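Okay, structure first, notes after.
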Amino acid sequence: FDFDINSTETMGDTFEINGDESLLRIIILNIIKNGYLYSDKKEISIRLRREGDIIITEFTNSGKNPEMEDLNDLFNTFARGANATGISGTGIGLSIVKRVIDYHQATVVFSVPEPGLNRITMRFNAHK
């Protein structure tokens, strides 16, 4: 893993959110597992940063990209991208992630920052 915490805030600020710890643990482990399985190098980079009242977590891996037309469906139940060929799975992992994120009034996006890179970005409101 490559794990980076980046804060330009004062030392008194934290990276805390209000949420259900067990549900958040499930989705983070799911994203890490998917990032590893779909990585051509079996590596995942995790970046945590705070921008004002928003905590942003980015999970990035290198590997085959899903087709662009699949990106909007990846968080639907049983949806699997074209890059899933040969990788076991049911297509429910990212739909669970989406439901937990919605429950926490946060956002999640799958993006392709450049060919051969995949990224899942979650944005949470920071605990005040």
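Computed from a prediction, not measured in an experiment: that's the story for all the values here.
- L94 approaches F75 most closely through the heavy-atom pair O-CD2, 3.2 Å.
- Formation of a donor-acceptor pair under 3.5 Å by the H104 side chain with backbone atoms of L23 is not found in this model.
- For K42, the NZ atom is densely surrounded, since the number of other residues' heavy atoms within 6.0 Å is greater than 12.
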Could you walk me through whether R123 and V109 pass the side chain to side chain contact (heavy atoms under 4.5 Å, CB included) test, one step at a time? CA-CA 9 Å; R123 294 175 177 265; V109 176; over 6 Å; no
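- One finds the CG atom of D73 at 12.0 Å from the OG atom of S95 (value rounded to the nearest 0.5 Å).
- Between N30 and the options I28, I32, N34, a side-chain contact (heavy atoms from CB on, under 4.5 Å) holds for only N34.
- For N65 (side chain) and L117 (main-chain N/O), a donor-acceptor pair under 3.5 Å exists by modelled atom type.
- Expressed to the nearest 0.5 Å, how far CZ of F124 lies from CZ of R50 amounts to 13.5 Å.
- Atoms CD1 and CD1, from I31 and I120 in turn, are 5.0 Å apart once rounded to the nearest 0.5 Å.
- One finds the CZ atom of F15 at 10.0 Å from the CZ atom of R49 (value rounded to the nearest 0.5 Å).
- With rounding to the nearest 0.5 angstrom, the CG atom of N118 is 14.0 Å from the CZ atom of F59.
- No hydrogens or angles considered: a donor-acceptor pair under 3.5 Å links the side chains of T60 and R119.
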Please test L48 against I55 for side chain to side chain contact (heavy atoms under 4.5 Å, CB included), starting from the C-alpha separation and ending with a verdict. CA-CA 7 Å; L48 179 64; I55 295 175; 3.6 Å; yes
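- A side-chain donor-acceptor contact under 3.5 Å links S39 to the backbone of K41.
- I46 is not connected to L29 by any chain of hydrophobic side-chain contacts under 4.5 Å among Ile, Leu, Val, Met, Phe, Trp and Tyr, and they are in different clusters.
- Of all non-hydrogen atoms in A126 and I17, the two that sit nearest each other are CA-CG2, 4.4 Å.
- Scanning all heavy atoms of the two residues, the minimum distance from D40 to S62 falls at OD1-OG, 2.6 Å.
- Closest approach of M122 and I101 over heavy atoms only: SD-CD1, 3.5 Å.
- Closest approach of I56 to I54, counting heavy atoms only: CG1-CG2, 3.8 Å.
- For N125 and D53, the side-chain atoms include no donor-acceptor pair closer than 3.5 Å.
- Under the rule for a salt bridge (charged side-chain N to carboxylate O under 4.0 Å, His left out), the partners of D102 that lie at least two apart in sequence or sit in another chain are K98.
- Hydrophobic cluster membership differs between Y103 and I26, with clusters built from Ile, Leu, Val, Met, Phe, Trp and Tyr side chains linked at under 4.5 angstrom.
- Closest heavy-atom contact between I27 and V97: CG2-CA, 3.6 Å.
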